[in-house]
> 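Starting off with a structure, shown below.
Residue numbers run from 1 in the order of the sequence given. Below, all heavy atoms of this structure are taken into account, side chains as well, without hydrogens, waters or symmetry copies.
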Amino acid sequence: MFSNFLIGLREGLEASLVVCILIAYLVKTGNRDKLVPIWTGVGIAVVVSLAFGAGLEFGSQEMTFKAQEALGGSLSIISVGLVTWMVFWMRRTARHLKTELHGKLDAALAMGTGALVATALLAVGREGLETSLFVWRAVHAADDGWHPMIGALLGIACAIVLGWLFYRGALKINLSKFFTWTGGMLVVVAAGVLAYGVHDLQEAEFIGGLHNQAFDISATIPPDSWYGTLLKGTFNFQPDPTVLQVTVWALYLIPTLALFLAPVGFGRSVGATDRKARKAADEKPEAGSAGDGARDGDGAVHDGERLRDGARRAGSGAGGNQV
């Protein structure tokens, strides 16, 4: 339930912030008459997201067990890819999201009403589709499908309230830190979803290794206990995973979390420093050569002056003898 609350909160807050930024910009620039297309795009995005979730639910009911497991496993992997891309994208663009949206909105205003509808539709629809996919997968992974739904709805409700408070100026938080913390938690959740998706593909006999268990701690953490249910609902924990599940979980979680928690622009800053150092080192010999040339030039000048002085003295001596 917590993982779905987190998904609903984060995805809903992203959508709420986008809508608030768009509305605030239109109000401040005197374009209140353009609010209707924005709300139209938001409404279409919500309908499309709900229809997508309903299509997944009702479309999979007529499938065989193996087909359902194959579909669920495939969509789990796709949802993990989308969530991973989303958390890295928001980590990179959170600081200048407002400026980016203002630029897109200016272009949409110049193009007309249809462009405004499309801007809101694409901005909100992406979050809605990701949420529908992730929640649908969680509903089918859980024994009680209502808990994931309730968690996601509570998260979305909190996100709407927070978005309204942001718009009214009654709430201010560090969005960069917020998205960093929630993004890190989502990476952990996504690792569990990925492992569970691999298990589904094994049950569908799409990949092997279903009976090659890494360990079995069902006696210590019973799946039907309250803490077993909590771990499964939060992290998709399984007390008897296969070797492939554990391997995939570790290969995804460790490098992804390390990259996500690394400072923004870490690789670029190191590369820039190295390039500057190399450039400075290359310029030193050139500066030395220029200095040597300058010193040589100065020596030549002094030598020339000595020769002219010697010639004048010689001339003077010769003239004196003639007189």
> What closest approach, in Å, do P239 and P223 show between heavy atoms, and which atom pair accounts for it?
CG-CG, 3.8 Å
> Heavy-atom distance under 4.5 Å between the side chains of L201 and I77, does that happen here?
yes
> For G163 versus S16, what's the shortest heavy-atom pair and its separation?
CA-CB, 3.9 Å
> Testing V193, L56, V80 one by one against L75 for a side chain to side chain contact (heavy atoms under 4.5 Å, CB included), which residue passes?
L56
> If Ile, Leu, Val, Met, Phe, Trp and Tyr residues are connected whenever their side-chain heavy atoms lie under 4.5 Å apart, and connections chain through other members, are F206 and L244 in the same group?
yes
> Output the distance between atom CH2 (W85) and atom CZ (R126), rounded to the nearest 0.5 Å.
4.5 Å
> Mind checking whether H199 and L210 have side chains closer than 4.5 Å, heavy atoms only?
yes
> Report yes if the side chains of I217 and D240 come closer than 4.5 Å at any heavy-atom pair, otherwise no.
no
> Given side-chain contact (heavy atoms from CB on, under 4.5 Å), test I160 with W164 step by step and report yes or no.
CA-CA 6 Å; I160 293 174; W164 182 79; 5.7 Å; no
> Under 4.5 Å between side-chain heavy atoms, hopping through other hydrophobics if needed: is there a path connecting I156 to V124?
no
> Do N31 and Y25 have a side chain donor and acceptor closer than 3.5 Å?
no
> Going by heavy atoms in the side chains, are K34 and L109 under 4.5 Å from each other?
yes
> Give a yes or no on this: more than 12 heavy atoms of other residues, nucleotides or ligands lie within 6.0 Å of atom CZ of F215.
yes
> Looking at A191 and L253, what are the two nearest heavy atoms and their distance?
CB-CB, 4.0 Å
> Please determine, by modelled atom types, if E130 and S79 share a side-chain donor-acceptor pair under 3.5 angstrom.
no
> Applying a strict under-4.5 Å side-chain criterion to I, L, V, M, F, W and Y, I'd like to know whether L153 and L186 cluster together.
no
> Any side-chain to backbone donor/acceptor pair from T29 onto L26? Under 3.5 Å, distance only.
yes
> Under 4.5 Å between any side-chain heavy atoms of F166 and L17, yes or no?
yes
> Side chains of V246 and T242: closer than 4.5 Å at any heavy-atom pair?
no
> Where do L105 and L22 come nearest, in terms of heavy atoms and distance?
CD2-O, 3.7 Å
> Is it true that K66 and E203 have a side-chain N and a carboxylate O under 4.0 angstrom from each other?
no
> Can you establish whether the number of heavy atoms outside I254 located under 6.0 Å from its atom CD1 is more than 12?
no
> Between W39 and V19, is there a side-chain heavy-atom distance shorter than 4.5 Å?
yes
> Measure from the side-chain N and O atoms of T119 to the backbone N and O of A108, and report whether any donor-acceptor pair falls under 3.5 Å.
no
> Which value, rounded to the nearest 0.5 Å, describes the distance between D216 atom CG and Q238 atom CD?
9.5 Å
> Can you find a heavy atom in the side chain of F52 that is under 4.5 Å from one in the side chain of L133?
yes
> What distance do L259 atom CG and T84 atom OG1 have between them, rounded to the nearest 0.5 Å?
11.0 Å
> Would you find a donor on one side and an acceptor on the other, under 3.5 Å apart, between the side chain of Q245 and the backbone of A195?
yes
> Give, for atom CE of M111 and atom CG of L116, the distance between the pair rounded to the nearest 0.5 Å.
10.0 Å
> Could you give the distance from OG (S218) to CD (Q213), rounded to the nearest 0.5 Å?
7.5 Å
> Please name the pair of heavy atoms, one in F260 and one in T180, separated by the smallest distance, quoted to 0.1 Å.
CE2-O, 3.1 Å
> Check whether Q202 reaches the backbone of G208 with its side chain - one donor and one acceptor, N or O, closer than 3.5 Å.
yes
> Which heavy-atom pair separates G183 from V87 by the least distance, and what is that distance?
CA-CG1, 3.9 Å
